[in-house]
There are 2 protein chains.
Amino acid sequence: MRETTLRDVAELAGVSPRTVSNVVNGYAKVTDATRAKVERAIAELGYRPNVLARNLATGRSGQIVVVVPYLDTPYFAELLQAIIPAARKLGYNVLIDQTDGDREHEGELIGRGSRRFLFDGMIISPLGLAQEDLSVRDPDLPLVVLGERRSDGTFDHVGIDDVAASTEAVSHLIAIGRRRIAAIGDQPYPTGEAAQLRTKGFRAAHEAAGLPVDESLIIGTARFNRIDGATAMAALLDRADPPDAVFCYSDLVASGAIHTILGRGLRVPEDVAIIGYDDIEDGRYSQPTISTIQPDKKGIAQLAVDRLVMRIGSGQPVAGVELKVPHKLIARESTTGQKGGPTAGVHPLP
Amino acid sequence: MRETTLRDVAELAGVSPRTVSNVVNGYAKVTDATRAKVERAIAELGYRPNVLARNLATGRSGQIVVVVPYLDTPYFAELLQAIIPAARKLGYNVLIDQTDGDREHEGELIGRGSRRFLFDGMIISPLGLAQEDLSVRDPDLPLVVLGERRSDGTFDHVGIDDVAASTEAVSHLIAIGRRRIAAIGDQPYPTGEAAQLRTKGFRAAHEAAGLPVDESLIIGTARFNRIDGATAMAALLDRADPPDAVFCYSDLVASGAIHTILGRGLRVPEDVAIIGYDDIEDGRYSQPTISTIQPDKKGIAQLAVDRLVMRIGSGQPVAGVELKVPHKLIARESTTGQKGGPTAGVHPLP
DNA sequence: ATGAAAGCGCTAACAG
DNA sequence: CTGTTAGCGCTTTCAT
């Protein structure tokens, strides 16, 4: 049995396809009488518009793609969890791509290539792409960039103020009396802008407190994973003069660092205080709970989707803007040492 | 400037659209000479086929949708991470939906409703849907179900042998000398089949060892999250006769339980041994590392995608089958107590 | 406010 | 092996 088409509906309702289309899309003005007739016909036939046909006719797919380096990194998973419903609410389906931080893969995506018609816009959290790479792309692709890049004026950028957030994190460590503070996660090369902003905050906090920065306490890592934190922390503890606090560039790094510290029989925060970044759910349940910088993930998701849909809607190129979303310092056991029940230190959920 | 179309290519190459289509899709036999001509024209014009048009013509979207309850649950994130490349390799794009375990939402999806033409098939990990609900659905939708359901013969089901795996987990606790073993995560109601299978394994292990089951040690939880584990564990420790081991129905539950135990100044595994389920990455880094049941996630992803694509390809309905994927018991510190470096107890990655 | 008709760009049945 | 041609089902300009 053939699927019922718009034409079938038109016939049954005794109107033209044009009118049915109008009713379905709520377009032009339609008499209440005809609208009722059409709607009855639709109900009777169980008609559902064929999205594929509509896509071809309109030249739009009604889909946006979200590109992240890793899906199983809690931060990105949590972000996606927020983006999907926000997009759905505006009538867009979400396609997901993961790139493993591969520069070529990311580059191909923003160049659009073979999947050109598959999505109307893109939200990307680049890892492998350097700042300049972002400018070499399909200029017609509506684009919103997440994380630590700067807009070149052709796309929007949504993120938190990383330097300010990092400064707060390190200032917090100083405020609780720590003086030998290490940083884990620096990436002093073109694609490591995220990391560099955090290092900048690390320095700023020292300067504000009138403390010198021990350069040897800034440890670089290729990625922001647990293993990186665990390894870097081991190196720090092997020193003759280990730090009494560490600013980790992600909660995952913090988790790895804590693992190493506890594994050596030392205590957190008594021997070494730890603060992370991202406020992933794990940090609220780890032992000890992890102090962190909490970006407003829902805010990021909502803003990114709103801007992207706006860009798609406006046929014209829109000037790219920098959008800052609020963040918050969440002090938990890994710096304060205060114990509590399973939800101690958890920021109240909305 | 108009996009170049297949017709433009045909013209430039001096052949018919039909031939260009053949070349692009590698369909019928084409002379090497004409193929070369066409390919040159394609390159010259920078032609990219319009997926939207192709979709309409073929009646297929080239997309599959993966439906999970929560994206930010590590187990699902890790599974998705495996599914996406597997699907991409077979030429399918992946749409992702999260349902929050909402029965209605899941029901609407397998009924297909308005997005009927948007995807050619579905992989779903149902949470809110009971076994019977799965049978009430669009019979033309190629479907592969993940997790703990049974096939009703119209769809495929991919999963591990939960009863066997659970039995192994509990037998492991018995093998290390524990006798008062609790279970956290039972769900004795229609949508709790996953949980019930694990409870079945829990009983089976006791029976095999000739141990009685203390029914009061089987704790129900609404979900499999950290907070559920933390709360249930607190109740267990409040008893006059607390358990000396706990089988947790997910690693997240285990993580919450450990949080509670350590928070009370008790030790894992000395005072209470813990084993989880799923082998999420967190478990390899938590303190202590968590013993668990490791399902072959890549195997599940590959099998699910393969079967689904096969179903889509065969126009005819295919008899649904039960597909079992291997699992493995991974003993880590939370049961063995052995310490190690950051990767101790980690199952070697492929 | 509604009808008629021309595509959107591709695929595939039907020749040849 | 290749050309011709008729749609896929919807949107949308142009009339009326």
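In what follows, every heavy atom counts, from backbone to side chain, and hydrogens, waters and symmetry copies are set aside. The sequence lines fix the lettering, A, B, ..., with proteins before strands; numbering per chain opens at 1. Keep in mind that what you see is a predicted model, and the values were worked out from it rather than measured.
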*asked:* Could you tell me how far apart B:Leu6 (CG) and C:dT11 (P) are, to the nearest whole angstrom?
replied: 7 Å
_For C:dT11 and B:Asn25 - does any side-chain N or O of the residue sit under 4.0 Å from the phosphate oxygens OP1/OP2?_
yes
*In whole angstrom, what separates B:Arg7's CZ from D:dG7's C1'?*
12 Å
*Counting only side-chain N and O atoms of B:Thr34, is one of them less than 4.0 Å from OP1 or OP2 of D:dC1?*
no
*Among B:Val30, B:Val15, B:Thr31, which residue meets the side-chain contact (heavy atoms from CB on, under 4.5 Å) test with B:Lys37?*
B:Val15
*Measure the distance from CZ on A:Phe117 to P on C:dC8 and round it to the nearest whole Å.*
13 Å
*Going from CG on A:Leu71 to CG on B:Asp72, what distance comes out if it is rounded to the nearest 0.5 angstrom?*
11.5 Å
_DNA chain C: 5'-proximal contact among A:Pro17 and A:Thr31 (nearest heavy atom)_ = A:Thr31
*State, yes or no, whether a side-chain contact exists between B:Met122 and B:Val67 at a heavy-atom distance under 4.5 Å.*
yes
*Picking from B:Gln302, B:Gln81, B:Glu78, what satisfies side chain to side chain donor-acceptor pair (under 3.5 Å) with B:Lys297?*
B:Glu78
*Taking CD1 from A:Ile42 and P from D:dC10, how many angstroms apart are they, rounded to a whole number?*
10 Å
*Between A:Val24 and B:Leu56, which has a closest nucleotide on DNA chain D that is more 5'?*
B:Leu56
*Check whether any side-chain N or O of A:Arg18 sits under 4.0 Å from OP1 or OP2 of C:dT2, and answer yes or no.*
no
*Establish, with yes or no, whether the OP1 or OP2 oxygen of C:dC8 is under 4.0 angstrom from a side-chain nitrogen or oxygen of A:Thr58.*
no
*Roughly, in whole Å, what's the span from CG in A:Leu52 to C1' in C:dG9?*
13 Å
*Could you state the atom-to-atom distance from NZ of B:Lys37 to C1' of D:dG3 in whole Å?*
13 Å
*Contact under 4.0 Å: B:Arg54 side-chain N or O vs C:dT11 OP1/OP2*: yes
_Given C:dG9, D:dT12, D:dC10, the nucleotide with the shortest approach to the side chain of B:Ala57_ = C:dG9
*May I ask you to evaluate whether A:Ser21 reaches the phosphate of D:dC10, defined as a side-chain N or O under 4.0 Å from OP1 or OP2?*
no
*asked:* Whether A:Ser16 contacts C:dG3 is assessed here as follows: a side-chain N or O lying under 4.0 Å from the phosphate OP1 or OP2. Is that the case?
replied: yes
*Pairing of B:Arg60 and B:Asp120 as salt bridge, 4.0 angstrom limit*: no
*Report the nucleotide, chosen from C:dG3, C:dC10, D:dC10, that has the shortest atom-to-atom distance to any side-chain atom of A:Asn50.*
D:dC10
*asked:* Output the rounded distance in Å from OH (A:Tyr47) to P (D:dG9).
replied: 10 Å
_Could you tell me how far apart A:Glu11 (CD) and D:dG9 (P) are, to the nearest whole angstrom?_
14 Å
